[in-house]
Amino acid sequence: MTESEVAGARERHEELDKGALLDAYRTMRTIRDFEERLHTEFATGEIPGFVHLYAGEEAIAAGFMAHLDGDDYVASTHRGHGHSIAKGCDVKGMMFEIYGKDAGICRGKGGSMHIADLDKGMLGANGIVGGGPPLVCGVGLSAKVRGTDQVAVSFTGDGGANQGTVFESMNLASAWDLPVIFVIENNGYAEATAQAFSSKGIDIAKRADGFSMPGVVVDGHDFFAVHEAAGEAIRRARQGGGPSLIECKVNRYYGHFEGDAQTYRGENEVENVRKEKDCLMLFRQRVTSAGLLDEAELDKIDEEVKNLIDEAVREAKEAPEPSPENLTTDVYVSY
Amino acid sequence: MTESEVAGARERHEELDKGALLDAYRTMRTIRDFEERLHTEFATGEIPGFVHLYAGEEAIAAGFMAHLDGDDYVASTHRGHGHSIAKGCDVKGMMFEIYGKDAGICRGKGGSMHIADLDKGMLGANGIVGGGPPLVCGVGLSAKVRGTDQVAVSFTGDGGANQGTVFESMNLASAWDLPVIFVIENNGYAEATAQAFSSKGIDIAKRADGFSMPGVVVDGHDFFAVHEAAGEAIRRARQGGGPSLIECKVNRYYGHFEGDAQTYRGENEVENVRKEKDCLMLFRQRVTSAGLLDEAELDKIDEEVKNLIDEAVREAKEAPEPSPENLTTDVYVSY
Amino acid sequence: MSRKSYMQAINEALAQEMERDPTVVVFGEDNVGGTGSPGEIDAWGGVMGVTKGLYGKFPNQILDTPISESAFIGAAAGAACSGLRPVAELMFVDFMGVCFDQIFNQAAKFRYMFGGKARTPMVIRTMYGAGIRAASQHSQALYPIFTHIPGLKVVIPSNPYDAKGLLIASIRDDDPVIFFENKVLYAIEGEVPDEPYTIPLGEAEIVREGEDVTIVAIGRMVSMAEQAAASLADDGIEVEIVDPRTLSPLDEDTIYESVENTGRLVVVDEAYPRCSMASDISALVAQNCFEHLKAAPKMVTAPHTPPPFSGSLEDLYVPDPEKVANAVRETVGQGVAS
Amino acid sequence: MSRKSYMQAINEALAQEMERDPTVVVFGEDNVGGTGSPGEIDAWGGVMGVTKGLYGKFPNQILDTPISESAFIGAAAGAACSGLRPVAELMFVDFMGVCFDQIFNQAAKFRYMFGGKARTPMVIRTMYGAGIRAASQHSQALYPIFTHIPGLKVVIPSNPYDAKGLLIASIRDDDPVIFFENKVLYAIEGEVPDEPYTIPLGEAEIVREGEDVTIVAIGRMVSMAEQAAASLADDGIEVEIVDPRTLSPLDEDTIYESVENTGRLVVVDEAYPRCSMASDISALVAQNCFEHLKAAPKMVTAPHTPPPFSGSLEDLYVPDPEKVANAVRETVGQGVAS
Ligand SMILES: Cc1ncc(C[n+]2csc(CCOP(=O)(O)OP(=O)(O)O)c2C)c(N)n1
Ligand SMILES: Cc1ncc(C[n+]2csc(CCOP(=O)(O)OP(=O)(O)O)c2C)c(N)n1
Ligand SMILES: [Mg+2]
Ligand SMILES: [Mg+2]
């Protein structure tokens with residue numbers, strides 16, 4: 001296991017024992033550092049394309065992935081770095097990819113919006129809002145037909161929750177009784193437009209009723225709350241109990257994408273969340289005050305992660321570009 | 001007013017006075033005769049294409065259209081004859097259209113699945129399941145921007161209720177606060193597949209909650225129940241109260257389309273409904289027993305309608321085909 | 001070997017592949033036909049009956065779907081990435097507009113976007129074409145749109161034998177394949193071997209040999225070309241007919257060889273004319289066989305209008321043997337004498 | 001007259017048409033940008049800022065939408081049938097797959113299916129093209145798909161002047177128009193009159209006159225052709241550049257006249273090659289100007305692959321002046337001497 005893999009690794013933990021807590025913290029810290037570093041690097045103009053940061057929402061990815069095995073699947077969104085890291089994608093490979101380099105996890109052909117690794121059960125970030133939910137229905141069907149206990153989880157934003165594909169997928173999962181979990185990451189905005197407008201600020205979880213499936217709302221800043229709700233839904237799905245909808249209320253720390261001036265946001269909105277509800281802060285408080293982990297253990301992870309990200313960025317900048325032949329390879333398996 | 005127009009005509013009635021009741025009965029009877037006659041004529045092999053009959057569901061079209069003015073709009077489905085007749089489309093023009101004749105309401109170019117008359121506020125039957133709901137959102141927007149009190153009503157089947165466009169439209173109507181009513185005609189089947197499977201047999205009206213709009217279930221065989229629910233929703237929409245969802249539970253008397261052997265249906269299913277819940281029978285019982293109309297008045301309508309349909313079929317059979325030039329006209333206003 | 005219809009050939013291909021490989025799973029609206037209904041559970045077999053009878057034999061490998069094409073076509077893509085070989089039915093290709101994203105941005109692009117790591121062995125069976133008075137939204141061809149998209153393979157059998165062999169090849173293929181079934185051809189019969197066999201994707205067939213003019217005809221248009229060829233032969237014009245069988249990949253070599261020999265090209269395509277297969281093949285030939293062309297390539301297509309309902313108009317809409325023969329005569333009359 | 005960017009030209013066209021006609025209504029995701037948000041309500045103006053500032057002036061004529069393209073594009077169609085002239089924004093044309101039905105089966109077909117009774121005056125503004133490292137799902141061209149569809153008009157301005165004049169003409173047109181904006185061109189400046197004006201749909205422009213070779217170039221490719229022409233002129237090759245400006249209707253006459261004069265054709269199209277504008281125009285020219293062609297028509301397009309992310313690949317992906325010049329040189333070197 002390379003250092004890079006260690007950082008992205010997670011195992012499925014039945015309970016939140018010490019190993020599980022350390023893994024969860026490492027996952028969240030890796031995502032946070034990855035994203036904050038991208039934020040500063042993007043400002044230098046060296047990172048190409050559209051970059052959507054997950055910072056602030058880490059507890060959701062970590063809370064769900066803690067329950068997943070390597071052969072469980074996840075479908076992500078345009079804001080996919082967090083899900084990818086939490087699902088075990090190679091962190092350096094991701095960084096290389098975002099820099100468009102040949103050693104990238106997608107050979108530099110996908111970029112931030114298409115990070116994927118099917119071998120890790122990561123079905124891809126997705127440039128199409130609402131693109132992922134249909135895919136996880138297919139994974140659920142596959143598990144059912146082949147008689148495995150795999151589950152599949154799709155992530156969608158509050159804005160994406162209004163895309164027709166998402167409704168259809170919930171209904172299909174319900175009709176076919178699939179082991180699928182639909183997660184809505186409600187960060188209050190779709191680009192600049194508020195969820196208060198785009199779906200009247202309702203609890204999106206409420207829509208589960210229309211598909212005969214359980215729907216719950218959890219605090220997406222609270223790893224433990226997410227972990228518990230996720231565990232229940234995933235367990236039910238594995239046991240043949242069918243799909244669920246979980247809405248995580250959360251906040252994004254940066255703009256819709258890098259370069260967004262964010263003048264649509266409230267004053268001090270992010271500052272207040274960072275101060276009061278930051279998922280890393282809450283986690284640290286909880287595990288240290290309960291005596292489950294000590295500060296030194298966490299600091300050590302911080303240090304390791306910092307080194308990993310430094311190294312990833314340094315290497316990514318120096319890594320070679322894809323070679324011209326790659327332009328036309330990998331369109332088909334055979335043609 | 002030609003006889004043909006009389007049959008299809010309806011006026012908006014604030015209350016169910018005698019004129020309104022006669023109109024409603026005439027509408028339902030015209031639809032029923034139109035459809036039953038198509039059923040027998042189709043069997044002779046003379047009617048081309050796909051023909052989906054509305055027989056059994058007449059109370060829904062009649063109940064809603066009773067509240068609509070000529071400049072209100074309706075978007076229909078593949079099963080569109082009933083909505084078209086109730087919205088005031090020319091009955092003979094429709095019959096000509098179904099026979100593919102030049103005098104058809106769409107010049108023989110549309111056929112059963114595309115009957116439309118924008119001048120009558122009929123936005124079209126639709127060959128695409130879920131095609132109509134987005135359109136009525138546009139009408140609602142138009143009314144709002146232009147400051148009129150027009151409303152728009154879309155009809156969708158229980159199967160169509162699972163098409164993404166329908167959910168999206170409900171949410172858009174809610175976000176934009178549009179004077180739009182979404183009607184679900186739940187006849188228990190989408191082709192051969194049961195609503196019990198395709199959306200777990202839930203009350204589709206329940207889905208309204210997810211869009212912050214009222215949702216109600218009514219008995220689609222009962223003109224008076226439909227009329228009341230429709231009136232409430234339409235009044236609310238006209239007064240700026242926004243959209244509603246109304247699910248009408250109903251039964252179709254014939255196959256999905258003509259030629260369907262219907263072996264997926266329960267034994268005596270239709271026979272029982274015809275005996276116990278037929279909308280024309282229920283209507284007749286109610287108005288006569290309450291002394292609102294007498295049998296003779298209704299019989300007279302039956303007779304007039306019968307003559308109209310006889311004439312329509314006879315003329316349609318003899319009417320000339322579209323001329324070859326028409327193949328390439330009317331694609332654009334200008335090109 | 002026995003006589004089977006195009007529909008039976010497809011049904012048999014599905015059955016034999018489901019038998020061979022339990023990960024071949026078939027689904028679509030009413031593909032079982034009757035799920036949840038009080039009567040026969042498999043009362044239908046798709047709207048035209050193509051999948052009829054499969055449920056009885058493979059109850060775990062065939063499913064009905066809600067009317068949610070995006071969800072179930074996307075599910076095919078997801079299933080293909082996770083161990084199945086799904087065959088999803090898009091009832092009429094005209095319905096592609098409600099689910100195209102899952103086809104062209106998801107399934108078609110996974111392999112490229114993911115740097116070669118994906119394999120998406122899925123088939124979308126779909127029905128196309130005019131001729132049954134099904135009007136504007138149930139009669140389109142639309143295969144040019146799919147052919148435009150890199151990452152998709154596009155297959156279009158013109159007869160029962162090809163239907164079976166191409167469908168089996170499509171199911172075994174590791175890329176997403178769009179399989180176009182012509183609704184008028186369903187009832188057409190031909191000799192079809194009982195055992196499974198494959199026809200490689202990307203190989204055209206010379207349906208008729210001739211020296212004077214090359215006709216490339218797509219799907220049902222092959223039979224129009226054959227009828228035209230018979231009447232042209234009476235006039236001493238010998239037509240060579242190429243049936244591409246797959247539109248992507250296109251067997252350019254076979255087409256070019258034929259045109260190099262005949263020097264004349266007519267493409268018969270029932271799709272809309274603009275950015276069509278007719279223009280695609282004409283342009284490829286013009287670019288690659290220019291020095292062999294004795295006359296302008298001709299395109300016989302539907303007009304630039306939606307399909308009309310009325311039979312008297314629809315019959316004029318679709319290319320027919322007469323229009324094909326006229327185009328051939330024009331090309332023979334034109335340019336350098338042969 | 002003053003210097004304005006392509007983006008400003010579009011914004012100005014929208015503003016002037018909204019001013020002129022209160023039934024012109026603009027909507028799309030974040031078109032106002034900030035509805036319901038606690039900060040500035042019009043913080044954005046579409047993702048690229050094209051509609052920025054319109055809300056302040058026309059608060060009743062511009063709306064944000066949920067991310068529900070089928071619903072709001074369909075709403076444009078319904079609104080167009082009932083008294084408005086909507087201008088809906090499909091943020092990236094790559095998203096057409098979630099809403100194509102409302103475009104191609106609804107709006108495009110109303111008039112025909114309804115026997116000539118419908119009028120559907122709507123515009124869909126959409127952004128296309130590679131060049132900003134936006135990867136496979138945000139960099140496609142896809143206009144050939146829309147050009148394929150009868151009932152749609154397809155407009156594609158190559159410069160700020162045309163953008164304004166064509167958009168105003170599109171808004172005033174009574175048919176559904178798909179208006180393609182190139183994302184790389186947004187920042188390009190040119191002279192644009194302050195007052196409203198129209199450029200008729202269906203009229204090509206000769207961007208540069210020349211005797212040796214006709215280049216038909218689409219959208220941003222016009223500038224690639226111009227750069228190629230400049231370097232070719234140094235070698236004594238005089239290129240004529242035709243900018244169709246609308247792809248449907250296509251001004252075939254202007255193209256044919258040019259080719260009749262030059263005898264040589266190169267089409268430059270940034271779309272995928274199969275069933276593309278390049279093949280469409282090549283085929284039309286081959287069919288209609290055959291006797292004037294001195295050499296094979298050439299097509300310069302993107303390869304048959306999705307757009308790649310990495311800049312070093314994307315720069316190879318899009319046709320560039322060098323590829324255009326090479327194609328021109330090949331066609332000049334080939335066939336009958338000019
Ligand atoms: C089908 C489609 N429509 C629109 C977009 C453009 N777009 C990308 S992200 C985004 C906002 C998504 O908001 P949300 O779902 O809440 O996710 P968040 O960005 O907040 O994580 C939009 C409109 C898209 N990529 N795909
Ligand atoms: C998008 C789309 N998918 C599938 C079809 C084929 N189709 C036509 S009607 C129908 C069943 C519709 O069922 P429902 O909505 O319940 O209406 P009903 O026929 O019962 O009135 C189907 C699947 C279609 N026309 N359009
Ligand atoms: Mg959001
Ligand atoms: Mg139904």
Side-chain angles (χ1 to χ4, degrees), chain A residues 71 73 75 97 102 104-111 113-119 121 123-124 126-128 130-146 148 150 152 163-176 178 322 326 329-335, chain C residues 22-25 27 35-36 60-61 63-86 88 98-99 101-102 104-122 150-153 173-176 200-202 248-249:
Chain A
D71 66 348
Y73 283 81
E97 187 62 32
D102 191 44
I105 196 164
C106 302
R107 308 293 308 273
K109 289 168 156 180
M113 261 192 297
H114 305 298
I115 284 171
D117 190 342
L118 296 182
D119 293 341
L123 281 164
N126 212 309
I128 303 299
L135 304 176
V136 293
C137 289
V139 175
L141 177 67
S142 182
K144 230 182 138 173
V145 168
R146 293 178 302 115
T148 73
Q150 288 162 288
Q163 184 63 255
T165 55
V166 181
F167 299 102
E168 287 190 4
S169 299
M170 290 196 278
N171 187 59
L172 181 64
S174 174
W176 279 356
L178 300 177
N326 287 4
T329 56
D330 294 330
V331 182
Y332 295 91
V333 176
S334 65
Y335 195 69
Chain C
T23 70
V24 173
V25 173
F27 49 84
T35 304
N60 300 318
Q61 285 166 263
L63 297 90
D64 278 340
T65 66
I67 308 177
S68 306
E69 285 84 357
S70 277
F72 76 75
I73 297 285
C81 288
S82 59
L84 297 188
R85 288 192 174 269
V98 298
C99 61
D101 186 71
Q102 290 294 326
F104 97 105
N105 273 330
Q106 311 295 335
K109 292 187 173 59
F110 285 163
R111 189 167 178 80
Y112 193 79
M113 292 192 304
F114 302 168
K117 281 191 220 151
R119 220 176 41 91
T120 314
M122 63 188 272
L152 299 180
K153 290 176 176 168
D173 196 273
D174 280 340
D175 292 307
L201 307 190
S248 187

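Each chain gets a letter, A, B and so on, in the order the sequences are listed, and its residues count up from 1.
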Just so I know, are the side chains of [X] and [Y] near enough to count as touching, which here means a heavy-atom distance under 4.5 Å?
X	Y	answer
A/Val331	C/Asp175	no
A/Leu141	C/Phe27	yes
C/Asp174	A/Tyr332	no
A/Val145	C/Leu84	yes
A/Leu118	C/Arg119	no

What's the shortest heavy-atom distance between [X] and [Y], and which atoms?
X	Y	value
C/Gly116	A/Asp330	CA-CG, 3.4 Å
A/Val139	C/Gly78	CG2-O, 3.8 Å
A/Leu123	C/Phe114	O-CZ, 3.5 Å

Is chain A contacted by the side chain of [X], its backbone, both, or neither, given a heavy-atom distance below 4.5 Å?
X	value
C/Ile73	neither
C/Ser248	both
C/Asp64	backbone
C/Gln61	neither
C/Lys153	both
C/Pro22	backbone

Relative to chain C, which of [options] shows the most heavy atom pairs under 4.5 Å?
options	answer
A/Gly138, A/Pro322, A/Ser169	A/Gly138
A/Gly124, A/Gly164, A/Gly110, A/Ser142	A/Ser142
A/Val136, A/Thr165, A/Ile105	A/Ile105

Fill in the blank from the handout: In terms of heavy-atom pairs under 4.5 Å with chain A, the winner among C/Lys109, C/Lys117, C/Met113 is C/Met113
Exercise for the section: Quick one: which of C/Ala71, C/Gly74, C/Ser70 has the most heavy-atom pairs under 4.5 Å with chain A, could you say? Expected result: C/Ala71
Problem - Portion of A/Asn126 that has a non-hydrogen atom of chain C nearer than 4.5 angstrom - result: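 When you check distances to chain C, only side chain atoms of A/Asn126 fall under 4.5 Å.
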Handout entry: Contacting moiety of A/Ala116, where chain C heavy atoms sit under 4.5 Å
Key = both
Practice task
Supply the atom-to-atom distance A/Tyr335 OH to C/Asp173 CG, rounded to the nearest 0.5 angstrom.
Solution key: 11.0 Å
Practice task
Assess whether side-chain hydrogen bond (donor to acceptor under 3.5 Å, both in side chains) is satisfied between C/Tyr112 and A/Thr329, documenting all intermediate values.
Solution key: CA-CA 8 Å; C/Tyr112 193 79; A/Thr329 56; over 6 Å; no
With no hydrogens and no angle check, is any side-chain donor or acceptor of [X] less than 3.5 Å from a backbone partner on [Y]?
X	Y	value
A/Arg146	C/Ser82	yes
C/Gln102	A/Pro134	no
A/Lys109	C/Arg111	no

